[in-house]
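One structure below.
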Amino acid sequence: MDGFIDETRGGVTELRVHGASGASPAGMLNHPDPRLVAGDGTTGFYRRWWAGGRPEGAEADVPGIRHREAYAWGGLTSGGRTIALWLLLLPFALANLSYFMLPRPAGGRRLRHVVEAAQRLFALLLTGTLVGAVTRAGVDLIGWQCTAAGRACTHETAPVWVRWLGVLWGEEPSKRLAVTALVPLLLVVLLWWIARRTWRRDERTVIPPTTPPDGAERGGSPLARPRLWHGGAPVWRLRVVHVCFAIASIGLAVSAPFAHSPQGFVLTVANTYVQLAAAVLVVLPATARRLDPHSGTRDPGWLTLACKVLRVAAPLVFVATFAAGLAGMPAGGSARQLPGVGIGAFQFVLMLVLGLFILVATCVLARMDRPRGERDPIERRAMHGVAAWFVLMVAAGSANVLALGVLFWTATFFGEPGTSAEAEPIGRKLFLDDPVWWTAALVPIIAVGLLAVAFVLYLIQRAEAGRLAAALEPHYGERHAAAVAAKWALAALTDRAGLVLAVLTGIGVAGFGGVTVFYRFGVPAPDDGLTGLLATTGSWAMIAAVAGLVLLGRRTHSDLRLRRTIGILWDVSTFWPRAIHPLSPPCYTERVIPEMVARFGELAPAEGDQVVLSGHSQGSVIAAALVPQLEPELRGRVRLLTHGSPLRRLYAAYFPAYFGARGLAAVREGATWCNLYRLSDPIGGPVFRHADPLAAGPVATDAVDRFCWDPPRPGPGEPLGQTRWHAAYWDDPAYDETLARLTTVKRTG
């Protein structure tokens, strides 16, 4: 092509990696004309192109000497239209996130494996919760209740596309259940298709054969193990288990009301056995075990065979159930709500038991993992090391909000939601279980708790701003000190995220325990007085939440800018592989890490070559995970420049097994490293040592961390400059100074 673009390799390469905002290649390169030199439109490496020919200057690319390159990976989290559906997968993503927060003490390996098995089973029940909500809405509210003879969906005002069920089969419930069971089945098929498609498109990447076989020689950090990013077989097995469990739960909703008949009993037992087989497989360690791609170890053949058998058995049993229901099975009564065999109640109790066990076991693991002696600042654990349990409870809470929102929306759309205390005549009433109404009553209480936490955070921010204002006067002057102090104090509220999570989770868990007690002792649903008002308010709030997600997803499907904004939500959770929930949004690092490992080998083929890996925000996390994956000779050619990095503030606090003192020390030993941070940044911060510029006496310094003033300190009589917060580190004067130092310093350690 005309113009000039440097596509040579070797020399010094500044490789820039963007963060969660998905910066454009032009913005990363600070150049209007980037060109793709490797990769594709989803992930790619870009360099600058000059239309007027080869440029001159200190920053220009010089073939074989120096180059500036950008790696764009944002297409994995904000490019596809299916991201509109990811909003509904938030509980699955949070459950997967909790797995990587689990403490990993050296002496607690067996207990940790048991907890991991409990987490996988809990994640399986979360799938059952969301699929069960759609099943309950379709099979119970519509198939059993609404389309029965004389009920709401048989009136002239009912939608034609459901009224025909009541007209044809108003007295034949099994036929109605069989047809309405196709709705949740379509949901399961959609979840399976998205999970399979995203794995093949975004995650299935061949790991370069030059990668060493294990991480033993790299400090023993879990980040150094290639198998972390090699999950093809376990993700496939978990996907089979979850999909088959969900299909069997739909089959149970059709067959269980007719379990009094021989045919219904056999089908109920068959569907139950499918669910039991799925539960057994999911707790086996081998099901989710990731193997080193270069070790030559193979998955056990019996496990693969068992998954294949389950994959065939579940659809066959469902087809048999559907055919029997459509042919007609004798009804055993005319109950208001869909009869069952207690499977739902058993799963509910199992989730409670699992949640309690995971809490106790995680506390034990956290205590075993607690550092002794003088505590390294990096060893600060979020929520005392028990964050995994809190996040798992948030996953359960969000799943229940979505589930109940679907139920209330369905009951409101086709009729009127009713409680067990409703008297005859039934009219347009569609009845929901009593625990559903009690859970709805919790929503306003949690909202009040959220407001209380927000007020406490406001008071904390004001107090911190007042403390900082006096200390900032010598640096910014009396005129600007208060404004800067307010911005720094606001950014510091990120460190209180654990407080918010703990309070809201505590309110939710306590309320959920109360709901369980009420249900156990037969307390009727709240349909009167204050509790009735709370339940009604909560039901409308959950309907609004589901409707809002649907509208947001619809708009996201057609709006690229909104897709990129929503994609930021997934950049933290989808950094981690799909370890315990295969239907969660896809993991971009399964593709990013192998691609960057291969690119490093191309950019620094000789001993004198250097690659300055410049990572902003989430890009710094990718960089820290990449360094231990490189061969020893390649790590000697790496310089690491991070900025706006959440490595210590978020990742070391919430994922100490991977980014704690041991993991970050392995990165520090593997490459010469410098980290830029600001106190106005609500996300980034220091990695190893907090250099307080306001402290009296000598300022503590660290070879890695470098403090940057933001906003820039004005001169006498000058206005206060614009605060950059978390952005524009590449334009900060400290960046160029640090880059120049890294490209001349010799690697130490």
Side-chain angles (χ1 to χ4, degrees), residues 128 131-155 158-193 243-275 277-278 310-344 406-407 410 413-415 430-431:
V131 175
V134 179
T135 303
R136 200 77 183 180
V139 178
D140 179 11
L141 295 181
I142 299 176
W144 182 269
Q145 298 188 45
C146 195
T147 55
R151 301 291 292 271
C153 290
T154 61
H155 299 165
V160 177
W161 44 275
V162 294
R163 186 160 60 89
W164 68 272
L165 285 172
V167 173
L168 288 179
W169 300 321
E171 301 293 342
E172 298 179 90
S174 71
K175 295 182 179 181
R176 304 197 307 269
L177 299 191
V179 173
T180 52
L182 296 177
V183 175
L185 180 66
L186 288 176
L187 171 65
V188 174
V189 172
L190 179 63
L191 292 175
W192 167 82
W193 176 78
V243 169
C244 291
F245 182 88
I247 291 176
S249 70
I250 302 171
L252 272 174
V254 177
S255 64
F258 312 98
H260 60 277
S261 67
Q263 189 179 28
F265 177 77
V266 171
L267 292 173
T268 300
V269 171
N271 282 293
T272 303
Y273 270 116
V274 170
Q275 283 202 311
L310 183 66
R311 185 176 62 173
V312 173
L316 287 179
V317 172
F318 178 82
V319 169
T321 304
F322 175 80
L326 205 58
M329 288 189 284
S334 56
R336 282 183 171 184
Q337 295 176 253
L338 184 70
V341 291
I343 297 296
V406 169
L407 292 177
T410 304
F413 183 83
F414 291 100
L430 298 179
F431 298 99

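The structure presented is a predicted model; accordingly, all values stated were derived computationally and were not measured. Position 1 is the first residue of the sequence; numbering continues from there.
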With rounding to the nearest 0.5 Å, note down the distance linking CG in N271 to CG in L252. 4.5 Å
Keeping T147 on the side-chain end and G166 on the backbone end, is there a donor-acceptor pair under 3.5 Å? no
Approximate separation, where rounding is to 0.5 Å, of L168 CG and R163 CZ: 11.0 Å
Working to the nearest 0.5 angstrom, can you tell me the gap between C146 SG and H155 NE2? 8.5 Å
Can any side-chain N or O of R176 pair as donor or acceptor with the backbone N or O of G143 at less than 3.5 Å? yes
Where is the tightest heavy-atom contact between A259 and T268, given as atom of each residue plus distance? CB-OG1, 4.0 Å
Minimal non-hydrogen separation, M329 against V254, with atom names: CE-O, 4.2 Å
Distance-only, no hydrogens or angles: does the R136 side chain make a donor-acceptor pair with backbone N or O of L407 under 3.5 Å? no
CH2-CG distance between W169 and L326, expressed to the nearest 0.5 angstrom: 5.5 Å
Take V183 and L187, measure what side chain to side chain contact (heavy atoms under 4.5 Å, CB included) needs, and give me the verdict at the end. CA-CA 7 Å; V183 175; L187 171 65; over 6 Å; no
Which atom pair, heavy atoms only, marks the closest approach of I250 to V188? CD1-CG2, 3.9 Å
Chi angles and distances behind the side chain to side chain contact (heavy atoms under 4.5 Å, CB included) call for F258, L177: CA-CA 11 Å; F258 312 98; L177 299 191; 3.8 Å; yes
Please report the shortest heavy-atom distance between L310 and C244, naming the atom on each side. O-SG, 3.3 Å
Without swapping roles, check the side chain of W164 against the backbone of W161 for a donor-acceptor pair under 3.5 Å. yes
How long is the gap from CG on L141 to OG1 on T135, to the nearest 0.5 Å? 11.5 Å
Describe, in one word, how the ring planes of F322 and F318 are oriented to each other, choosing from parallel (under 30°), tilted (30 to 60°) and perpendicular (over 60°). parallel
At what distance, to the nearest 0.5 angstrom, does CZ of F431 lie from CG of D140? 11.0 Å
Give the minimum heavy-atom separation between S249 and Q275, together with the two atoms involved. CB-NE2, 3.3 Å
Could you report the tightest heavy-atom contact between G251 and T321, atom names first, then the distance? O-CG2, 3.5 Å
